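Ligands are counted one by one from 1 in listed order, and the atoms in each one are counted from 1 as well. Numbering starts at 1 and runs along the sequence shown. Computed from heavy atoms alone, side chains included, the values below leave out hydrogens, waters and symmetry copies. Source: prediction; values computed, not measured.
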Amino acid sequence: MKKIRKAVLPVAGLGTRFLPATKTVPKEMFPIVDKPSIQYIVEEAVQSGIEQIIFVNARGKEAIEDYFLKDHPQGKLLAEVQALAKLASIVTVRQKKPLGLGHAILCAKDLVGNEPFAVLLGDDLVDASTPCIRQLMRIFEEEKSSVIALMNVEKNQTPLYGIADASQRKTNPRVYDIKTLVEKPPQEKAPSTLAIIGRYVLTPEIFPILEDLSVGQGGEIQLTDALVKLAMVQKVLGYQYEGLRFDAGDKFGFLEANIYYALKRPEFRDRLIQALKRLEL
Ligand code: G1P
C-alpha cells in the first residue's frame with residue numbers, strides 16, 4: 001500500500017453562506033487574524049508530510065493559487081508563504097461547473113493517479129497538537145483503508161452534515177467501522193449524531209465509483225454517496241479526531257475562529273481580552 005503524498009483541496013465553492021462578502025472575493029482568502037483561511041489548510045497538509053497540493057478551483061477564484069505561487073515586491077516579508085510553496089508543489093485543476101463535492105474530487109483523478117490521497121475541505125479549520133489529517137493518515141498506515149474524520153454534533157445539527165451509521169471499536173474508541181453514511185439527513189432520519197467533517201483519506205477506488213454516480217442530495221454529486229458505495233466493497237473507517245474545529249465558511253464560525261486564533265497570539269491576547277471586556281454591553 002502506497003504512502004499518502006497528495007492532498008486534494010476543493011476550493012471551487014460559491015460561498016453562498018457568506019454572501020455578500022463572497023460576491024467578488026473567495027471565502028478561502030478571508031483572513032483569520034492575518035493569514036487567509038486556506039493557508040491554515042495548506043499548512044496542516046504540509047505539516048502532515050503531504051508533498052503535493054491539488055487545488056480544485058473555479059473560474060474567478062484564481063486569487064487562491066496566485067497567493068501561493070506569485071512573487072511579491074515585498075517578498076522578504078512573505079518568506080513564510082514562499083517556504084510553504086517550496087515544501088509542497090502546488091497544482092490546480094478547474095471544476096468547470098459547480099456539480100458538487102464528489103464531482104470536484106473526480107476532477108482531480110488524473111492528477112492523483114492510482115494512489116491513496118488526502119482531502120481537506122477549506123471550511124473546516126482544526127487546531128490540534130497532531131494535525132487532523134495526520135491523525136487520519138496514521139490510521140490509514142495501520143489499517144490500509146479509507147478513513148474519514150468524525151465529530152459528535154447536537155441532534156438538531158445533523159441536517160448540516162454527512163452522518164455516519166458506524167460501530168465503535170472496543171480496542172480504540174476513537175475508531176469506528178462505517179456501515180453506511182447519509183448526506184444531510186432530516187433530524188428524524190439521522191442514524192446517529194456522528195458527523196463527517198472535512199478531512200478524508202481515500203483509496204483510489206473512489207474514482208470509478210464517482211464516475212458512475214448519479215446526483216444526490218441538493219441535486220449534486222455527493223462524496224458521501226460515493227463513500228457509501230466504497231464501504232460496500234472495502235473497509236471504510238471513521239476517526240473521532242482530537243482537536244478543536246471551526247466552520248470558517250459560516251459567518252459565526254469565522255468570527256469565532258478569528259477570536260480563537262487571535263487569543264493564541266501573544267501580541268494580541270491581552271489586548272483582545274481587554275477590548276472584549278470593554279465592548280461587552
Ligand atoms: C460537506 C460534505 C458533508 C460534510 C461537510 C463537512 O458538505 O458533503 O458530508 O459533513 O462537508 O464540512 P458541505 O458543507 O460542503 O455542504
Side-chain angles (χ1 to χ4, degrees), residues 7-19 22 26-28 37-38 40-41 44 55-58 61 95 98-108 118-127 132-133 136 146-166 176 178-187 189-202 206 209-210 213-231 236-241 243-254 256-257:
V8 177
L9 276 55
V11 292
L14 302 170
T16 323
R17 286 192 295 157
F18 223 131
L19 281 167
T22 43
K27 63 178 171 185
E28 293 80 1
S37 61
I38 193 67
Y40 291 76
I41 306 285
E44 179 184 331
F55 285 124
V56 181
N57 205 352
K61 297 185 76 180
Q95 185 185 22
L99 299 177
L101 176 60
H103 178 260
I105 302 303
L106 184 57
C107 292
V119 173
L120 294 90
L121 304 189
D123 282 348
D124 293 296
L125 297 183
V126 185
D127 189 44
C132 186
I133 198 67
L136 266 55
S146 297
V147 198
I148 57 182
L150 295 176
M151 78 169 176
N152 241 317
V153 295
E154 296 293 330
K155 183 93 180 152
N156 65 5
Q157 298 290 297
T158 52
L160 302 175
Y161 298 95
I163 303 293
D165 181 359
Y176 290 80
I178 303 283
K179 291 183 220 154
T180 194
L181 301 153
V182 197
E183 180 66 9
K184 306 197 174 101
Q187 204 175 309
K189 292 213 172 123
S192 76
T193 53
L194 282 173
I196 304 174
I197 72 131
R199 298 290 184 275
Y200 311 74
V201 170
L202 302 173
I206 199 78
I209 297 175
L210 284 168
L213 210 60
S214 37
V215 292
Q217 203 272 342
E220 296 187 340
I221 310 269
Q222 295 291 354
L223 180 59
T224 303
D225 294 346
L227 284 162
V228 168
K229 296 203 166 167
L230 189 66
V236 175
L237 297 175
Y239 187 72
Q240 215 170 355
Y241 62 94
L244 197 55
R245 175 252 184 190
F246 300 92
D247 180 0
D250 166 76
K251 292 175 189 179
F252 187 80
F254 174 79
E256 210 188 353

### Query
Heavy atoms only: which of Ile196, Thr16, Val153, Asp250 is nearest to atom 6 (C) of ligand 1?
Ile196
#### Entry: Minimum non-hydrogen distance to atom 16 (O) of ligand 1, winning option of Gln217, Arg17, Lys184
Lys184
### Under 4.0 Å to a heavy atom of Thr224 - the qualifying atoms of ligand 1, by number
9 (O)
### Query
Are Tyr239 and Leu237 side-chain neighbours, meaning at least one heavy-atom pair lies under 4.5 Å?
no
### Query
Are the side chains of Thr224 and Ile196 in touch, meaning some heavy atoms are under 4.5 Å apart?
yes
### Query
So which protein heavy atom does atom 12 (O) of ligand 1 come closest to, and at what separation?
Asp124 OD2, 2.9 Å
### Query
Quick one: nearest non-hydrogen protein atom to atom 11 (O) of ligand 1, plus distance?
Leu121 CD1, 3.4 Å
### Message
Working to the nearest 0.5 angstrom, can you tell me the gap between Lys229 NZ and Ile209 CD1?
### Response
8.0 Å
### Message
For ligand 1, which is the ligand I care about here, please tell me if Glu183 has any N or O atom under 3.5 Å from one of the ligand's N or O atoms.
### Response
yes
### Query
With the threshold set at 4.0 Å, does a side-chain nitrogen-carboxylate oxygen contact exist between Lys27 and Asp250?
no
### Message
When you compare the side chains of Asn152 and Thr193, does any donor N or O come within less than 3.5 Å of an acceptor on the partner?
### Response
yes
